[in-house]
Amino acid sequence: MSVVALCGGIGGAKLALGLYHALPAADLTLIGNTGDDFTHLGFSISPDLDTVCYTLSGLADQVRGWGRGDESWNFMEGVRQLGGPDWFNLGDRDLALHALRSDALRRGESLTEITARIAGQMGITARLLPMSDDPVRTVIATPDGWLAFQEYFVRDRCAPKVVGVRYEGAEAALANPAALAALADPATEAIIICPSNPVLSIDPILSVPGIRAALAKATAPVVAVSPLIGGLAVKGPTAEIMREMGLGATAASVCAHYGDILNGFVLDEADAAEHGALPVATSVTRTLMTTLDDRIALARFTLEFARDLGKRP
Ligand code: GDP
């Protein structure tokens, strides 16, 4: 079953790992968010693509929730000793990836090519595509002004109120042609929107011209999995941001936010009461992914649901 999934970092990568186990690797294409990308200390950093790579390759840290396991922190210690900024942690092994990517970008390689090479080196056999090779930068409007995404997310620990979000560069960005082709491919049988933050991880992808239209035109059913369970995020500021932006913070509001690009929506058991009141086909299951088996079970459930929905006319 040929499948395309849109995903951000932590929550997205969890379901991506389930899909990776549930499908033959060659059948899975992941479209990753690059709105969180930024340059720090001269390095080009792609946090969501890296989270997906570390998760699929088994290199991710299981406790910290970001970065690699098997990590050391000599670089950060050196930065601190020299009075450099230490609000964004870069592990030594993680830094190797950023250094290689930065060097390749400077030599004119595209982010798509670099990502494919790095994923291949990590042994990942699914296809991971950045949404675009052009820079798109998520910036956050707060009552005190605009913040670059990582200033909001990491430096200020999501504390500022979010009153708006912009995806800078999106209008001029070219969608990844391979991503557009995968979405339009008649052989694609399901398009999954992973349980990622709709505003910070999925909307940047949808903001790249052509991607939303490709989802709307695809013959494959588009199914989203709710990142909110009982009105709460499993991790991160999804509920707060959606509430602060006036979108509501329930599974139903996530479904409404995606609007008519969706054919199906997977809700958690905790939100079963919303089942039936939504404008698309819904299916209820346990969506909390604690173990690898949970990830695989949710992936299988979502694929089965998409298969039952069938191709769109
Ligand atoms: P980020 O880019 O690292 O913030 O990661 P994502 O945007 O991909 O993921 C953040 C979202 O994942 C949050 O809204 C979480 O509620 C959601 N999430 C994390 N773990 C789970 C889980 O086990 N089940 C579900 N349904 N959502 C999850």
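Values in this document were obtained by computation on a predicted structure and should not be read as measured data. We count ligands from 1, going down the list as the structure has it; atoms in each ligand are counted the same way.
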[X] N/O under 3.5 Å from ligand 1 N/O:
| X | result |
| --- | --- |
| Leu288 | no |
| Leu232 | no |
| Pro227 | yes |
| Gly9 | yes |
| Ile10 | yes |
| Leu228 | no |
| Phe153 | no |

Heavy-atom side-chain contact between Val52 and Cys7 under 4.5 Å: yes
Close side-chain approach of Phe88 to Gln150, heavy-atom, < 4.5 Å: yes
Distance-only donor-acceptor check, side chains Ser132 and Asn176, under 3.5 Å: no
Close approach of Asp48 to ligand 1, heavy atoms, under 4.0 angstrom: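 Yes; Asp48 lies near enough to ligand 1 that a heavy-atom distance drops under 4.0 Å.
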Heavy-atom gap Trp66 to ligand 1 smaller than 4.0 Å: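 The answer is no, since Trp66 has no heavy atom less than 4.0 Å from ligand 1.
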Ionic contact status for Glu109 with Arg101, cut-off 4.0 Å: no
Close aromatic pair by centroid cut-off 6.0 Å: Phe265 and Tyr258: no
The one among Ala251, Ser226, Gly65, Pro195 that brings a heavy atom closest to atom 12 (O) of ligand 1: Pro195
